[in-house]
Amino acid sequence: MINQKVKTLEFLKEKKYTLSDEMQGIVVDSIDFINNTALFKNLSFWSSKEWLMSQEQTGENCFLYLCILIEGNVIGMIPSQFIHNTESKLFYNIPLMLANGGNFGEDNYLSEEEKLELSSHQNIIKHNIRTLYPSLVAANPSSYFSLYLDQNINSNLKNKVLTGLVTLYEMLSLDLKCMSNGFLYIYEESIEKMDELLIERDYIKATLGADCVIDVIWKDFKEYLSEFPKKRRANLRRERSMFNKAGIEVEIKKGVNALSNELIELQLSLSEKYGIKNKPIQVKKKFEAMKQYLDEHIVVFSAKKQDEVIGFSLYFEYNDILYSYIAGFDYEKITSEEFCYFNLVIYEPLIWCMNKGIKQIRFGLSSYEAKMRRGSYLKRNAGYFKVQGHCNNEAIKIINLFGLTEERLLNELEDNILVNRNKEGEIDE
C-alpha cells in the first residue's frame, strides 16, 4: 500500500485541475492540509478532522482529499480512498463487494432464479476481478460519505462547488486509470442531491444498508421502558435483570486511559466470531491512533466479573451525539442468558446519555433487528457505482440485485416490527 501511495501522490503533487474561470481542483493526502474551519461546522463525528487524522495514522488506507479552491482558499472537499487490490477492506472495495457480497447484499432475500442469476454474474467478476482495479471510492472509514462545503458561502455557490467536486472526482479517476468508482454510504438527507449529480453521469444507484439511530427523549430508563408494549417491556426488563444478577459490574471511562490492552484481545475475539481476520498489530495501531487524536471523544463501557474485563463497547461523543464504533467480548466467560451484548451496546450507553443530556445515539450498519426492537429507527444509505470495461454489464446486474435485497431486508424489518407492535397493543388499530 505504501509504495502505491507514494507513486500516486508523486503524480498528483503539483497537479491542478481547472474546473472553471474561478474554480480550481487539487488533491492532497492529509486532512491536516485543510485549515478552513467553516468546512467542518455541524458535521458528523465520522467527518471530523480528528477522526480522519486518526485513520491516516493506521496506514490501512490510501486517502486522497479532493479539494475545490477559489482564490486559493479551500471551500469544498470530498475524502476518497484509492484502492488497488483485493487486500483493502471489503466495505470500500467495490470489486470485492461485487464478487463476494458480505457487507452489500443479502442473498437470502433473492428467489432461486435470482440466486442463479447472481451466481452467474459473480463468477464472471471473480475470474476478471483484477481488471476492476484500481478503484476510487468516495467514503470515509466507518462506512460514511463526507461532503464538506464552506458554510459561509451562498447556496448557489455551494451547488457549483458540489458539481465541481464530482467533476474533479471523475477527472482524477481518469488520471489514475480507475476501473471502478463509487460514492458510498450516503445518508438519506443527501440522496436527492446526489441523484441529480450522479445518475445523469451513468452511476448505478443502490440501497446500501442503513444507520440505526435512537433519539434519546427519555429522562430515565423507566420512562424509556414505558414506550414499549407490555410483553416487550417485560423482555427488556428481564435482559437488564439477568445481566445484573450475573454479578457483572459496569465501568464507564472517558479518554485515552479507557483504551487498555485487554480491550484489543476482546475486539479480536468478536472479529473472529464473525469471520473477520484482524491482526493484533492492526488493532493496536488503531488504538494508538485513537489515543493520539481522539482523547476527549472516547467513551468505553466495560463489563467486569471479579475485576476481570469480559466485554466492552467503545463509543465516541461528539456534538451531543454518541457514535458506536467497536465492541468485544470474552465468549468463554459470558453466557447468552446474561445479555451482555444488549446491555453494553444499547442499555448502558442509553442510560449514560440520559444522565449526560446526549440527544442521540448512532449505532451504525449492523444488527438492525436487535436495535430496532429496542427503540431504534433506520436511516437508509445509498451507494452510486460505476464500473468500466468488459465486466460492466455483469457489475450493473449484481449492483441491482444486491440493492434489491437490501430494500427487501429493510422493508421487511420495518414492516415486521410495526406488525409486532400492533399485535402487542403498542399502536391502536
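Atom set for the values below is all heavy atoms of this structure, side chains included, hydrogens, waters and symmetry mates excluded.
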Out of curiosity, [X] [atom1] to [Y] [atom2], how far, rounded to the nearest 0.5 Å?
{"X": "S324", "Y": "L365", "atom1": "OG", "atom2": "CG", "answer": "10.5 Å"}
{"X": "F339", "Y": "E239", "atom1": "CZ", "atom2": "CD", "answer": "5.0 Å"}
{"X": "Y293", "Y": "S48", "atom1": "OH", "atom2": "OG", "answer": "12.5 Å"}
{"X": "S30", "Y": "F63", "atom1": "OG", "atom2": "CZ", "answer": "9.5 Å"}
{"X": "N319", "Y": "S44", "atom1": "CG", "atom2": "OG", "answer": "9.5 Å"}
{"X": "M77", "Y": "F33", "atom1": "CE", "atom2": "CZ", "answer": "10.5 Å"}

Side chain to side chain contact (heavy atoms under 4.5 Å, CB included) with V256: of M290, E288, K291, Q292, only one passes, and it is K291
State, yes or no, whether a side-chain contact exists between [X] and [Y] at a heavy-atom distance under 4.5 Å.
{"X": "F301", "Y": "N343", "value": "no"}
{"X": "P229", "Y": "K231", "value": "no"}
{"X": "L259", "Y": "V300", "value": "yes"}
{"X": "Q81", "Y": "P141", "value": "yes"}
{"X": "K205", "Y": "L198", "value": "no"}
{"X": "L96", "Y": "Y133", "value": "yes"}
{"X": "I153", "Y": "K160", "value": "no"}
{"X": "S142", "Y": "F91", "value": "no"}

Under 6.0 Å from the [atom1] atom of [X], do we count more than 12 heavy atoms belonging to anything else shown?
{"X": "Y377", "atom1": "OH", "result": "yes"}
{"X": "N154", "atom1": "CG", "result": "yes"}
{"X": "E192", "atom1": "CD", "result": "no"}
{"X": "K379", "atom1": "NZ", "result": "yes"}

Counting distance only, does the side-chain N/O of [X] pair as donor-acceptor with the main-chain N or O of [Y] below 3.5 Å?
{"X": "K371", "Y": "S366", "answer": "yes"}
{"X": "R380", "Y": "T207", "answer": "no"}
{"X": "Q24", "Y": "I68", "answer": "no"}
{"X": "S135", "Y": "S180", "answer": "yes"}
{"X": "Y368", "Y": "A210", "answer": "yes"}
{"X": "Q360", "Y": "I358", "answer": "no"}
{"X": "Y169", "Y": "G182", "answer": "yes"}

Residues pairing under salt bridge (charged side-chain N to carboxylate O under 4.0 Å, His left out) where one sits in residues 212-221, two or more places apart or in two chains, turn out to be K219-E223
Ring-ring centroid check W352 Y315, cutoff 6.0 Å: no
- prompt: Does the ring center of F183 lie less than 6.0 Å from the ring center of Y203?
  reply: yes
### Task
Assess whether side chain to side chain contact (heavy atoms under 4.5 Å, CB included) is satisfied between I248 and I334, documenting all intermediate values.
CA-CA 10 Å; I248 298 172; I334 61 173; 5.5 Å; no
Result for ring pair (Phe, Tyr, Trp, His ring centres under 6.0 Å) between F104 and one of Y185, F385, Y92 points to F385
Just do the ring-ring contact (aromatic ring centres under 6.0 Å, His included) check on W51 and Y323 with the steps written out, would you?
CA-CA 12 Å; W51 169 247; Y323 294 85; 9.7 Å; no
Sequence neighbours excluded, the answer for ring-ring contact (aromatic ring centres under 6.0 Å, His included) partners of Y187 is Y144
With sequence neighbours left out, the residues meeting ring-ring contact (aromatic ring centres under 6.0 Å, His included) with H297 are F45, Y318
For residues [X] and [Y], report the shortest heavy-atom separation together with the two atoms involved.
{"X": "T18", "Y": "M171", "value": "O-CE, 4.4 Å"}
{"X": "I214", "Y": "Y224", "value": "CD1-CE1, 4.3 Å"}
{"X": "E106", "Y": "T405", "value": "N-OG1, 2.8 Å"}
{"X": "G357", "Y": "D320", "value": "O-OD1, 4.5 Å"}
{"X": "Y347", "Y": "R374", "value": "OH-NE, 3.2 Å"}
{"X": "F145", "Y": "A138", "value": "CD1-O, 3.5 Å"}

Original post:
Does the pair E196/K193 count as a salt bridge with the N-to-O cut at 4.0 Å?
Top reply: yes
ask   = Is it true that the NZ or CZ of K15 lies under 6.0 Å from the centre of Y17's six-membered ring and within 45 degrees of the ring axis?
value = yes
Going through the checks in order, is the side chain to side chain contact (heavy atoms under 4.5 Å, CB included) test met by S367 and Y341? CA-CA 11 Å; S367 306; Y341 175 86; 3.5 Å; yes
With Y109 as partner, the option from E406, E407, E412 fulfilling side chain to side chain donor-acceptor pair (under 3.5 Å) is E412
Could you walk me through whether L132 and C391 pass the side chain to side chain contact (heavy atoms under 4.5 Å, CB included) test, one step at a time? CA-CA 8 Å; L132 301 182; C391 292; 4.2 Å; yes
task: Check the pair R201 / T167 against side chain to side chain contact (heavy atoms under 4.5 Å, CB included), numbers first and verdict last.
output: CA-CA 10 Å; R201 298 175 189 240; T167 302; 3.4 Å; yes
When K359, R362, K254 are each screened for salt bridge (charged side-chain N to carboxylate O under 4.0 Å, His left out) with E317, the one that passes is K254
